[in-house]
Every structure is written in C-alpha cells, then in structure tokens.
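What follows is a single structure, written as structure tokens, with notes after it.
Not measured: the values here are computed from a predicted model. Just so you know, residue 1 is the first one in the sequence shown, and it goes up from there.
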Amino acid sequence: MLILLPPSEGKAEPSGKPATLSALSFAAELGELRELLTEALDLDLRSAPAARAAEVYTGVLYERLGLSSLPAPARRRANSHLLIASGLWGLLSPADRIPRYKLPVGEPVPGVGKVAALWRPLLAAALAPRDSPRELVVDCRSGAYVSLWRPQQATHVAVRAFREEPGGKRKPVSHMAKATRGDLTRVLLTAPGAPPRSASGLAEIAESNGMGVELSCLDGSERRRWTLDVIEREVGNP
C-alpha cells in the first residue's frame, strides 16, 4: 500500500537543526531539482531551522491524521507506506526534515519554469519500483498535486468526500474533504493486520471503522482505476 498526501498551506515554524538535501528521501532521483529550486527561492538550507515533515505540516488533513500522536507501529507504517507530494521537494516521507517554505505546485519559479512539468518525469522514475500490479495506491492528494504522478500498473484509488442531504442529494465537499482524507489515512495506518492489497480491502477497512463509503471502478475489466467516495450523511438522512 502506498498512501499519497498533499502538503498543507499551514506550516509550523521549526526550531531544529537545518535540513540536509542529501538526507531527504529519493535524494538520488530528486536532489538536483530540489537544489535548483531552493537556490532560485533563496532558501538557505544551511541556516533555516527544520523539523520532521510530520511536524511542519499543520493543515486540516494533518490535524485529523495526527502523525505525531500515532502509536509506534503506526508511525513505522507511515514511514514505509506514506508519501507527501510537494512543489519544492517532489516527494517526502513524514520523517524527512524540512524547513518552513511556500511553493504552490501550480506556480512557475523565476529562472526555473513550471514546477509541475519539471517534477512529472522525475517522480515517474522515482516511483517506478512501486508502480506494479501488486501495489495499491490510495490517493488523498488534491488539485494540481494529482497531476504530478499517476500509476500505470498499480491499482489506483482516488479518495473523494461527499455530504448527503435529506432526500439523498449529494454535494462534494472541499475544505472538509481534507479532514475526511486525514481520518481515512489514520484509519489505514492504525488498522490491525497487513495493509490492504485491493480496492475492496481498502473499503472494508473504512467501513469497519464506521465510515460510509462507496467504491466505483472507472476502467471496467482492467480494474486498476477506482474512486472511494466517503459519504457524510446529515441528521435525518438514514
């Protein structure tokens, strides 16, 4: 299982020792562009205080996920099965130490170009070992981060959130979708037993933890592209 998260706009101010590019995940595959971007943004990694990505990102998704409060086995699972997309770093593990920064993936960087276009081939190469028919990718990213990488061989499940009103009408939710994705990620990291290997296994874990979900296949007999809709039902709507 590979869980993909977006970064958050909200970030804590770290106070630890500066980060080292060569110590970040995927240093060989992504290090050159990271260095180019940090130089273009005038981010001095030699002096900027840093902390684990799990502590720097503080948005709604990360508040609900609560990486720092996970029990030790779940934190180990997060470090093995969870990756965070980033406009500046490409991909991060929760354990990677980073400074506070700001770089939306949709913005061009002066002297460098459009960040998303630069990252796509590099992320495809970095994640090639995980893009196999035996892999389950749980995609909790949003917006432009979704376009950075899509698996070609792995089972891909995009997580969406809806509110169901009395009468059955459904509306997609935006801000609270982040909370829903944080809740689901925490459930997956803390679930007993082995991580799910299929879309149906993912849905079963969510349902066993009280989430109302609907699973839909998008590509017919190939059964590699799915959506998992998490349904929040208003009071009075059974």
What residue among Leu41, Leu43, Thr38 forms side-chain contact (heavy atoms from CB on, under 4.5 Å) with Leu103? Leu41
Counting heavy atoms not belonging to Glu32, are there more than 12 under 6.0 Å from its CD? no
Compile the donor-acceptor pairs under 3.5 Å between side chains in residues 125-135 and protein atoms, sequence neighbours left out, one pair per line.
{"unit_1": "Arg130", "atom_1": "NE", "unit_2": "Glu135", "atom_2": "OE1", "d": "2.8"}
{"unit_1": "Arg130", "atom_1": "NH2", "unit_2": "Met1", "atom_2": "O", "d": "3.2"}
{"unit_1": "Arg130", "atom_1": "NH2", "unit_2": "Glu135", "atom_2": "OE1", "d": "3.4"}
{"unit_1": "Asp131", "atom_1": "OD1", "unit_2": "Gln152", "atom_2": "N", "d": "3.2"}
{"unit_1": "Asp131", "atom_1": "OD1", "unit_2": "Gln153", "atom_2": "N", "d": "2.8"}
{"unit_1": "Asp131", "atom_1": "OD1", "unit_2": "Ala154", "atom_2": "N", "d": "2.9"}
{"unit_1": "Asp131", "atom_1": "OD2", "unit_2": "Gln152", "atom_2": "N", "d": "2.8"}
{"unit_1": "Ser132", "atom_1": "OG", "unit_2": "Arg134", "atom_2": "N", "d": "3.4"}
{"unit_1": "Glu135", "atom_1": "OE2", "unit_2": "Met1", "atom_2": "N", "d": "2.9"}

Is the closest side-chain donor-acceptor distance between Ser93 and Asp96 under 3.5 Å? no
Decide yes or no on side chain to side chain contact (heavy atoms under 4.5 Å, CB included) for Thr185 and Tyr62, but give the supporting numbers first. CA-CA 10 Å; Thr185 302; Tyr62 290 90; over 6 Å; no
Going by an N to O cut-off under 4.0 Å, is there a salt bridge joining Asp229 and Arg160? yes
Is the CZ atom of Arg120 crowded by more than 12 outside heavy atoms at less than 6.0 Å? yes
Apply the test side chain to side chain donor-acceptor pair (under 3.5 Å) to residues Ser198 and Ser200: give CA-CA distance (whole Å), side-chain angles for both, the deciding distance (0.1 Å), then the verdict. CA-CA 5 Å; Ser198 65; Ser200 59; 3.1 Å; yes
Ring pair (Phe, Tyr, Trp, His ring centres under 6.0 Å) contacts touching residues 88-111 (sequence neighbours left out): Trp89-Tyr101
Checking Pro99, Pro94, Pro14 against Val56 for side-chain contact (heavy atoms from CB on, under 4.5 Å), the one that qualifies is Pro14
Walk me through whether Val137 and Trp149 qualify under side chain to side chain contact (heavy atoms under 4.5 Å, CB included). CA-CA 11 Å; Val137 177; Trp149 178 76; 4.2 Å; yes
Determine, stepwise, if the pair Trp226 / Asp139 fulfils side chain to side chain contact (heavy atoms under 4.5 Å, CB included). CA-CA 10 Å; Trp226 301 76; Asp139 198 343; over 6 Å; no
Short side-chain to backbone donor-acceptor contact, Thr190 and Ala74, under 3.5 Å: no
More than 12 non-hydrogen atoms from neighbouring residues, nucleotides or ligands closer than 6.0 Å to CD on Glu207, yes or no? yes
Other hydrophobic cluster members with Phe162, side-chain heavy atoms of Ile/Leu/Val/Met/Phe/Trp/Tyr under 4.5 Å, chained? Ile231
